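Okay, so here's the structure we're looking at.
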Amino acid sequence: MRLGDPPAPQDLDPIERASRDELMSIQLERLQRTLTHAYQHVPIYRQKFDQAGVHPSDCKELSDLAKFPFTTKQDLRDTYPFGMFAVPREQVARIHASSGTTGTPTVVGYTRHDLDVWADVMARSIRASGGRPGDIVHVAYGYGLFTGGLGAHYGAERLGCTVVPVSGGMTPRQVRLITDLRPDIVMVTPSYMLALLDEFERQGLDPRASSPRIGIFGAEPWTERMRAELEDRFDLHAVDIYGLSEVIGPGVANECVETKDGLHVWEDHFYPETVDPLTGEPAQAGELVFTSLTKQAMPVIRYRTGDLTRLLPGTARPAFRRMEKVTGRTDDMIVLRGVNVFPTQIEELVLRVAGLSPHFQLQLTRPGRLDVMTVRVEARPGALMDPQRSEDIHQSTPSSARPMNAARAEAGEALRRAVKDTVGVSVEVEVVDPETLERSVGKLKRVIDKRDN
Ligand code: DLL
């Protein structure tokens with residue numbers, strides 16, 4: 001695998017070469033402007049600021065932002081659909097929306113200038129990932145109300161790439177297009193990249209011989225172990241991209257391929273803080289909170305993302321702080337008999353056990369008074385096979401009636417022990433046949449909650 005080359009300094013945006021002090025002075029000026037814009041044009045911000053007894057003119061330095069109230073998803077729901085907009089609706093050039101699977105959908109809007117900023121930060125993200133003008137970019141993030149597809153699309157065009165706008169789904173066709181068009185870059189959720197991996201193998205193609213040298217993966221949490229898995233099996237650089245629709249979409253933060261040490265937050269547009277998720281007080285590690293610095297249509301002030309991470313000083317782009325890979329969301333956290341468990345913790349452990357594939361689900365049940373979590377994980381194809389297996393097939397024994405073979409039981413036990421030792425909680429493990437768990441096309445649903453509350 002070719003080492004990820006850093007871009008030549010003259011190819012960076014000027015702000016990427018700025019000093020921290022220069023960046024901070026731009027941030028302060030933009031922050032003051034944003035607070036004023038929100039206060040003047042969005043009734044809910046005016047109300048909340050007034051209630052908290054703060055006024056945009058109270059923001060004299062960046063740390064004064066902590067005096068301002070938070071914005072939550074509930075605020076977006078309460079003002080659905082257009083109540084958070086700070087410009088007349090006719091100046092809104094595009095709408096995106098969340099799927100609304102967990103309640104009222106939330107709508108976000110962009111002026112032409114916002115779309116321009118978005119394309120710029122996405123182009124910057126793709127370049128930081130190792131992309132260059134002229135590269136072919138296969139976009140398998142969903143196109144539509146989800147921000148992944150169109151966000152990646154316009155960013156790749158802005159950088160000067162050739163875009164293949166495939167969107168999600170139709171997996172065999174994705175593999176065909178990757179094989180025939182030979183993209184340099186694939187942009188997709190890590191879980192769907194795994195589904196593409198299966199499809200390569202199903203078609204008898206060697207994924208390591210495929211063309212992509214970079215995968216830009218995001219929209220859901222994924223671990224260092226998953227990075228190693230994807231890099232090894234596809235022979236590419238796997239780089240993390242982060243974003244959320246309320247803030248702009250993908251391109252809020254991105255890893256630099258030469259360091260892969262967390263995501264540089266594009267702080268000239270999005271100001272990050274981390275707070276204690278319970279008290280809301282500033283904390284070194286905790287819930288990520290964003291304030292937009294340049295958005296016109298829908299400025300967000302101290303938006304609570306629900307994502308858990310830690311802010312660190314910049315490395316490959318020294319002026320910009322980094323965020324650690326997101327380990328999970330406050331609402332993804334499973335509290336199992338008093339112990340907090342994140343699906344990413346289980347992912348790390350699953351991928352350490354030989355013979356277990358990265359495809360797993362967490363099923364929650366409540367058979368008695370206590371919650372039980374079952375890790376249902378697929379064996380890797382060809383691994384953990386029962387020597388009697390071929391006879392079983394001839395006898396056409398239904399697979400559910402077959403006893404779990406010794407190798408599977410051992411792998412399951414190894415995982416169970418690892419979870420107990422590392423996370424501190426007892427789980428059940430069920431090792432299932434390859435290709436029996438549902439695959440995601442976009443964002444993966446890891447947890448199946450079968451407890452009736
Ligand atoms: O997922 C935007 C996006 C598209 C990001 C494509 C990256 C690539 P939403 O649908 O609004 O927007 O979901 C945002 O997804 O708050 C996180 O919980 C999660 N998320 C996004 N990127 C990452 C990541 C898009 N790299 C929510 N790691 C966020 C972990 C992520 N979680």
Side-chain angles (χ1 to χ4, degrees), residues 71-73 76-77 95-103 105-110 118 121-122 125-126 128-129 137-156 165 167-168 185-193 215-224 226-227 230 238-255 260 262-266 270 272 274 277 287-290 292 298 300 303-310 322-333 342-345 347 440-447:
T71 307
T72 63
K73 198 161 191 94
L76 271 72
R77 293 199 174 116
I95 298 285
H96 281 280
S98 75
S99 57
T101 42
T102 53
T106 49
V107 167
V108 297
Y110 306 75
W118 189 15
V121 289
M122 272 308 293
S125 298
I126 298 169
S129 305
V137 181
H138 177 109
V139 180
Y141 287 117
Y143 280 64
L145 289 173
F146 175 55
T147 50
L150 288 168
H153 183 104
Y154 287 108
S167 194
I185 301 177
V186 181
M187 301 182 73
V188 61
T189 58
S191 58
Y192 193 47
M193 193 65 176
I216 308 181
F217 303 133
E220 62 192 16
W222 56 297
T223 59
E224 288 298 335
M226 185 67 89
R227 188 200 309 269
L230 291 168
V239 180
D240 197 359
I241 183 165
Y242 170 88
L244 62 166
S245 16
E246 293 83 349
V247 173
I248 205 153
V252 172
N254 205 96
E255 274 184 324
K260 291 185 203 158
L263 303 92
H264 283 87
V265 179
W266 305 132
F270 316 108
T274 39
E287 182 178 350
L288 190 57
V289 169
F290 274 108
S292 65
M298 207 187 101
V300 285
Y303 184 74
R304 301 278 297 246
T305 65
D307 296 320
L308 298 169
T309 185
R310 173 196 312 271
R322 281 168 304 148
M323 52 186 264
E324 256 177 13
K325 246 174 154 345
V326 172
T327 43
R329 297 180 48 78
T330 45
D331 44 15
D332 267 1
M333 189 176 78
F342 286 101
T344 45
Q345 291 176 292
E347 181 178 292
S440 85
V441 177
K443 278 183 202 270
L444 178 66
K445 188 168 162 34
R446 267 287 180 230
V447 182

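This one's a predicted model, so the numbers in the text were calculated from it and none came from an experiment. Whatever order the structure lists ligands and atoms in, that order sets their numbers, starting from 1.
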For [atom], grab the closest protein heavy atom and report residue, atom and distance to one decimal in Å.
atom: atom 11 (O) of ligand 1; answer: Ser245 OG, 2.5 Å
atom: atom 7 (C) of ligand 1; answer: Ala219 N, 3.3 Å
atom: atom 28 (N) of ligand 1; answer: Glu220 O, 3.3 Å

From [options] - option closest to [atom] by heavy atom:
atom: atom 4 (C) of ligand 1; options: Phe146, Tyr303, Phe290; result: Phe146
atom: atom 26 (N) of ligand 1; options: Thr223, Val239, Val252, Ile241; result: Ile241
atom: atom 6 (C) of ligand 1; options: Tyr242, Tyr141, Phe217, Trp222; result: Tyr141

- Does even one non-hydrogen atom of Lys443 get within less than 4.0 Å of ligand 1?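 True for this residue.
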
- Query: Does Gly243 have a non-hydrogen atom less than 4.0 Å from ligand 1?
  - Reply: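 For ligand 1, residue contact (heavy atoms, under 4.0 Å) with Gly243 is present.
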
- Would you mind telling me which of Met323, Glu324, Arg322 makes a side chain to side chain contact (heavy atoms under 4.5 Å, CB included) with Leu263?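 Per the side chain to side chain contact (heavy atoms under 4.5 Å, CB included) rule, the option paired with Leu263 is Met323, out of Met323, Glu324, Arg322.
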
List every atom of ligand 1 that sits less than 4.0 Å from any heavy atom of [X], numbering the atoms from 1 in the order shown and giving each element.
X: Pro250; value: 2 (C), 3 (C), 4 (C), 5 (C), 6 (C), 7 (C), 8 (C)
X: Thr147; value: 2 (C), 12 (O)
X: Gly218; value: 7 (C), 8 (C), 26 (N)
X: Asp240; value: 24 (C), 26 (N)
X: Gly148; value: 4 (C), 6 (C)

- Message: In terms of relative ring orientation, are His153 and Tyr143 parallel, tilted or perpendicular, with 30° and 60° separating the classes?
- Response: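 Perpendicular, since the angle between the ring planes exceeds 60°.
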
- Message: Could you walk me through whether Arg227 and Glu255 satisfy the salt bridge (charged side-chain N to carboxylate O under 4.0 Å, His left out) test, starting with their C-alpha distance in whole Å, then the side-chain angles of each, then the deciding distance to 0.1 Å, before giving a yes or no?
- Response: CA-CA 12 Å; Arg227 188 200 309 269; Glu255 274 184 324; 2.8 Å; yes

- Task: List the steps and the verdict of side chain to side chain donor-acceptor pair (under 3.5 Å) for Glu220 and Ser191.
- Result: CA-CA 8 Å; Glu220 62 192 16; Ser191 58; 2.7 Å; yes

- Query: Between Asp307 and ligand 1, which residue portion shows a heavy-atom distance shorter than 4.0 Å: side chain, backbone, both, or neither?
  - Reply: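 The part of Asp307 near ligand 1 is the side chain, not the backbone.
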
- Message: Tell me whether the count of non-hydrogen atoms from other residues, nucleotides or ligands lying under 6.0 Å of CZ in Phe146 goes above 12.
- Response: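 Yes, because the 6.0 Å sphere around CZ of Phe146 holds more than 12 heavy atoms from other groups.
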
- Query: Among all residues two or more places apart in sequence or in another chain, which pass the side-chain contact (heavy atoms from CB on, under 4.5 Å) test with Thr327?
  - Reply: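 Listed in chain order: Leu308, Thr344.
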
- Do Ser245 and Thr147 pass the side chain to side chain donor-acceptor pair (under 3.5 Å) test, and can you show the C-alpha distance, the side-chain angles, and the key distance before you say yes or no? CA-CA 6 Å; Ser245 16; Thr147 50; 4.7 Å; no

- Query: Quick one: salt bridge (charged side-chain N to carboxylate O under 4.0 Å, His left out) pairs with a partner in residues 240-250, sequence neighbours left out?
  - Reply: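 Pairs touching residues 240-250 that pass the test: Lys73-Glu246, Asp240-Lys325.
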
- Task: Could you walk me through whether Trp222 and Thr189 pass side chain to side chain donor-acceptor pair (under 3.5 Å), step by step?
- Result: CA-CA 9 Å; Trp222 56 297; Thr189 58; over 6 Å; no

